[in-house]
Q: 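Got a structure for you, questions after.
Atoms within each ligand, like the ligands themselves, are counted from 1 in listed order. These figures come from a predicted structure and were not determined experimentally. What's counted below: heavy atoms across the whole structure, side chains too, no hydrogens, waters or symmetry copies.
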Amino acid sequence: MKILVINAGSSSLKYQLYDMTNEAVLAKGLVERIGIEGSVLTHRPEGKDKHIVKTPMPDHKVAISLVLDSLSDPSVGVIQSPDEITAVGHRIVHGGEKYSKSVLLSKELIQELDEVSKLAPLHNPPALIGIHACQELMPKTPMTAVFDTSFHQTMEPSAYMYALPYELYESDKIRRYGFHGTSHKYVSQRAAELLIRNIEDMKIVTCHLGNGSSVTGVKYGKAIDTSMGFTPLAGLIMGTRTGDMDPAIVTYLMAEKGWDAKAVDNLMNKKSGVLGISGVSSDFRDLEKAASEGHKRSQLALDMFYYRVRKYIGAYAAAMGGLDAIVFTAGLGENSPEAREEILKGLEFFGFEVDQEKDACRGKEVVFSTEGSKVKLLVVPTNEELMIARDTKELVQAEA
Ligand code: AMP
């Protein structure tokens, strides 16, 4: 069974083709600048050289058509024809309250997804465009939607409600949703596997630390709380996003500076975070370098970031009534031993000790706590695409 995973953004599209008999990646790639001058497709077939296609791609349909051409091309392809693709799994950021699981797409479902789109106006519409384009090109191929929010739908109301008038929850569905769910699910399950433990007996905090960052408490395999909220702006300090702050700052800025909603939104999403504090970069590699050269605001940005992650780990351990493992993933979490160590400083009272030698690794699975540690520390590189492919396989097989 071959499954194509598609992650469509407004002007970009990532894809991976899996052979699900052994979960091997046959090819992956990225299309950039869809609808913009300079469109480019970078196709990476397994075991062959990468192939670059530079041609105008006015819309997602043209882009996906070129992806299918590359996948089935006699020299750079990995299949003979797109007909070999059993199903397509689409990543969708927001599934609202309705979707606590991945779903097989039908006409009605796509209509319903349109309704959820208002909760994620930047993210869901491009994914829907990707779905429509794929359906036009592969009308007989089953498609699924896998949501970033689904894994968090197990939260209790006490964790997901905001203390606003209840009517706003009823009328506008304003509540915590949480994001990066596919990643938190994958790394928590993988952590249990690596520790040869049953996830249903474990209390795990998963830290997805990248350009966008979030922490989740996973108790007995289910998300009980997560740091992102109604939108992916909440929680941790991020590359350019504020994370949590006093909401009155918004009304202060509007009243005192005369800024409108759009200006404040732009400030909080694009100009804040470690970029806003450091004035240097949103990229943690740049900040680590600048801080090591004595740049104080970069060091402050890093310290603020580490401190907030540490607070969330503590909060979720308290919410779960214990802690068995802390898992790090995504760009920074997987690749920066310095960040992991700084975050964990002061949390040793939970009952762990860092094995410095094992922690020195980058980008691979490792248990980096010492043998005797009561609480285990792990790095698990995330694999949202594989999770999407697995869900898609399951849904298609259940339907057959
Ligand atoms: P992601 O959003 O998961 O792709 O993560 C991107 C973030 O990970 C960027 O801020 C990068 O600076 C950071 N990152 C990637 N590799 C490293 C590394 N070797 N050391 C520190 N940070 C890294």
Q: In terms of residue, atom name and distance, what is the protein heavy atom nearest to atom 23 (C) of ligand 1?
A: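 Protein heavy atom with the smallest distance to atom 23 (C) of ligand 1: R285 CG, 3.7 Å.
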Q: With no hydrogens and no angle check, is any side-chain donor or acceptor of R91 less than 3.5 Å from a backbone partner on V5?
A: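 Checked: no pair found.
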Q: Within the structure, does L332 bring an N/O atom to less than 3.5 angstrom of an N/O atom in ligand 1?
A: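 So ligand 1 has an N or O lying under 3.5 Å from an N or O of L332.
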Q: Using the side-chain hydrogen bond (donor to acceptor under 3.5 Å, both in side chains) criterion, which residues pair with Y162? Sequence neighbours excluded.
A: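 In terms of side-chain hydrogen bond (donor to acceptor under 3.5 Å, both in side chains), with neighbours along the sequence ignored, Y162 is linked to no residue.
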Q: Does S336 reach ligand 1 with a nitrogen or oxygen that is under 3.5 Å from one of the ligand's nitrogen or oxygen atoms?
A: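 Between S336 and ligand 1 (N or O atoms, distance only) the closest approach is not under 3.5 Å.
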Q: Is there a nitrogen or oxygen of L209 sitting under 3.5 Å from a nitrogen or oxygen of ligand 1?
A: no
Q: Just grab all the side chain to side chain donor-acceptor pair (under 3.5 Å) pairs involving residues 51-70, residues at least two apart or on different chains.
A: K61-E136
Q: Would you check if the side chain of N198 reaches a backbone N or O of D201 as a donor-acceptor pair within less than 3.5 Å?
A: no
Q: Return the residue, atom name and 0.1 Å-rounded distance of the protein heavy atom closest to atom 6 (C) of ligand 1.
A: N211 N, 3.7 Å
Q: Does the S102 side chain pair with the main chain of V146, one donor and one acceptor, at a distance under 3.5 Å?
A: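 Answer holds: no.
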Q: In the protein, which heavy atom is nearest to atom 3 (O) of ligand 1, and how far is it?
A: G331 N, 2.8 Å
Q: Just to confirm my output: which protein heavy-atom neighbour is closest to atom 12 (O) of ligand 1, and how far is it?
A: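 The protein heavy atom lying closest is D283 OD1, 2.4 Å.
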Q: Atoms of ligand 1 less than 4.0 Å from A330 heavy atoms?
A: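 Numbered from 1, ligand 1 contributes 3 (O).
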Q: Nearest protein heavy-atom contact for atom 18 (C) of ligand 1: which residue, which atom, what distance?
A: N335 CB, 3.5 Å
Q: Taking atom OH as the centre, does Y307 end up with more than 12 heavy-atom neighbours from other residues, nucleotides or ligands that are less than 6.0 angstrom away?
A: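 Counting neighbours around OH of Y307, 12 or fewer heavy atoms of other residues, nucleotides or ligands fall under 6.0 Å, so no.
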Q: Provide, to 0.1 Å, the distance between atom 10 (O) of ligand 1 and the closest protein heavy atom, together with that atom's residue and name.
A: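 Atom 10 (O) of ligand 1 sits closest to the protein heavy atom F284 N, 3.0 Å.
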Q: Taking heavy atoms and a distance under 4.0 Å, where does E334 meet ligand 1: side chain, backbone, both or neither?
A: neither
Q: Verify whether the ring centers belonging to Y177 and H152 lie closer than 6.0 Å.
A: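 That pair fails the under 6.0 Å test.
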Q: Donor-acceptor pair, distance only, cut-off 3.5 Å: does the side chain of R33 make one with the backbone of S11?
A: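 Pair absent, no side-chain N/O of R33 close to backbone of S11.
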